[in-house]
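The structure appears below as structure tokens.
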Amino acid sequence: MTMKLSIPVPPNFSFKRTVFSHGWCDLAPFDIDQRKWVLKRVIDLGRGRAVTVAIREQKNRITVTADGPLGKRDSANVARDVRHMLRLDDDLTSFYEIVSRDSGFEWIADSGAGRLLRSPTVFEDLVKTIATTNCSWALTDKMVSSLVAALGRSAGDGARAFPTPEAMARESEIFYRNEVRAGYRAPFLKELAERVASGEMDVESWLKSELPTSELKREMKRVKGVGDYAAENMLRFIGRYDGFAFDSWVRAKFARTRNGGRKASDKKIARYYSRFAPWQGLVFWCDMTRDWLENETVANW
DNA sequence: GCGTCCAGGTCTACC
DNA sequence: GGTAGACCTGGACGC
């Protein structure tokens, strides 16, 4: 017996643009079937249980199918997580107004881009973001897959959820070096998991923080392994888009697509998108990833 | 086969 | 507040 939920979507919502908004859909415990456009995801329900859900778009609604029966409370939690992951409750009205007025950027509103896929928890996004720093995407994939395989709660089909802070805190630094292949990030991951599991640091509260962005960014950078790029990437996940999260990939892409193949300074890039404030970071990211779905493939990653 | 470079950067020490 | 040098890993590249 399976459980099925149906969730309405906001105007301008694009399932494909949201799922392929950046690399997360390709990292465990997400799993994208690009041919059928089904996003699978293992959700940790707590109390020792996890469930695999299949998320798809049908007739302007999102349907979520769980591989097994779910009680009322679990169903509500799955629906909440799906809304959170797909950013269904984000209000992008003024973002779409701004890009619609700008020739060459209307496509963003027309195609419903701008909702950046995120994980059910800030903790997961934070660990993954640290795992993207100073390494190839292949290594990020390896680190995250190893974490999930070793520590994630198992769903009925054998797939695993993302590990909880508690599960991660129990492991040694050696584990993060030898099993996860996290290298010098090993102590960072261990320390982060301990601080979150002990309650010393409440990263989930960043979602509702009233701090000015500059202060919240400073708070994020108190996490070892989180610098400007990682903090600004995390800020995007909580809906603040004035930072650019510069990394080697976007710098190269800007040079290629907007600067005649020549390197551009971060200042120049920031100036280029400054008219879109306070959405400049999101316009920048959409601009850099416009071609990802031109043929509905991610061949240009 | 081996050395070097560098990926979706950050930390520390020192100015 | 700004910057050199170190840092794990593993794939790509030149020789």
**Report entry** Verify stack between A/W137 ring and B/dG8 base, 5.5 Å, 30 degrees
**Finding:** yes
Atom-to-atom span, [atom1] of [X] to [atom2] of [N] - whole angstrom:
X: A/E232; N: B/dG8; atom1: CD; atom2: P; answer: 18 Å
X: A/F188; N: C/dT9; atom1: CZ; atom2: P; answer: 14 Å
X: A/R185; N: B/dG8; atom1: CZ; atom2: P; answer: 12 Å
X: A/K217; N: B/dG9; atom1: NZ; atom2: P; answer: 15 Å
X: A/L139; N: C/dT9; atom1: CG; atom2: P; answer: 9 Å
X: A/K221; N: B/dT12; atom1: NZ; atom2: P; answer: 12 Å
X: A/K224; N: C/dA6; atom1: NZ; atom2: P; answer: 20 Å
X: A/M143; N: C/dG10; atom1: CE; atom2: P; answer: 9 Å

Where the side chain of [X] is concerned, which of [options] is the nearest nucleotide?
X: A/D228; options: B/dG8, B/dA7, B/dT10; result: B/dT10
X: A/R236; options: B/dA7, B/dG9, B/dG8; result: B/dG8
X: A/A230; options: B/dG8, C/dG10, B/dT10; result: B/dT10

What's [X] touching, base or sugar-phosphate or nothing? Going by heavy atoms closer than 4.0 Å.
X: A/V250; value: nothing
X: A/T133; value: sugar-phosphate
X: A/A252; value: nothing

Report summary line: Any strand, both distances under 3.5 Å, Watson-Crick or G-U wobble: B/dC15 pairs with C/dG1
**Report entry** B/dG8 pairs with, by Watson-Crick or G-U criteria that keep both distances under 3.5 Å
**Finding:**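 When the pairing criteria are applied, nothing turns out to pair with B/dG8, so the answer is none.
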**Report entry** Shortest non-hydrogen separation from A/P11 to A/R115 and the atoms involved
**Finding:**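 Taking every non-hydrogen atom into account, O-NH2, 4.1 Å.
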Between [X] and [Y], how do the two ring planes meet: parallel, tilted or perpendicular, split at 30° and 60°?
X: A/H22; Y: A/F237; value: tilted
X: A/F15; Y: A/W37; value: perpendicular
X: A/F244; Y: A/Y273; value: tilted

Span that lies between the [atom1] atom of [M] and that of [N], in whole angstrom:
N: C/dC7; M: B/dC6; atom1: C1'; result: 13 Å
N: C/dG2; M: B/dG8; atom1: C1'; result: 24 Å
N: C/dG10; M: B/dC11; atom1: P; result: 22 Å
N: B/dG9; M: B/dC5; atom1: C1'; result: 16 Å

So, is [X] close to the [N] phosphate, meaning a side-chain N or O under 4.0 Å from OP1 or OP2?
X: A/T140; N: B/dA7; answer: no
X: A/R251; N: B/dG8; answer: no
X: A/K142; N: C/dG10; answer: yes

Query raised in the report: Looking at A/L293, A/V38, A/I32, which one forms a side-chain contact (heavy atoms from CB on, under 4.5 Å) with A/V19?
Result: A/I32
Query raised in the report: Do the numbers put A/R41 on top of the ring of A/F30, so that NZ or CZ is under 6.0 Å from the six-membered ring centre and no more than 45° off the axis?
Result: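 Output yes; distance and angle both within limits.
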**Report entry** Residue whose nearest DNA chain B nucleotide is more 5′ - A/G225 or A/T132
**Finding:**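 By nearest-heavy-atom nucleotide position, the 5'-most residue is A/T132.
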Report task. Check whether any side-chain heavy atom of A/R160 sits under 4.5 Å from a side-chain heavy atom of A/R153, and report yes or no. Result -> no
Query raised in the report: Is the distance between the ring centroids of A/F276 and A/F95 under 6.0 Å?
Result: no
**Report entry** A/S21 vs A/W285, side-chain hydrogen bond (donor to acceptor under 3.5 Å, both in side chains): CA-CA, chis, key distance, verdict
**Finding:** CA-CA 9 Å; A/S21 50; A/W285 182 254; 5.9 Å; no
**Report entry** Contact list for DNA chain B against residues 172-180 of chain A - heavy-atom distance below 4.0 Å
**Finding:** none
Query - Ionic contact status for A/D89 with A/R83, cut-off 4.0 Å - result: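 Salt bridge present between A/R83 and A/D89.
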Protein N or O to nucleotides 13-15 of chain B N or O, pairs below 3.5 Å:
none

Query - Side-chain donor-acceptor contact under 3.5 Å, A/T63 with A/R56 - result: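 Judged by distance alone, the side chains do not pair up.
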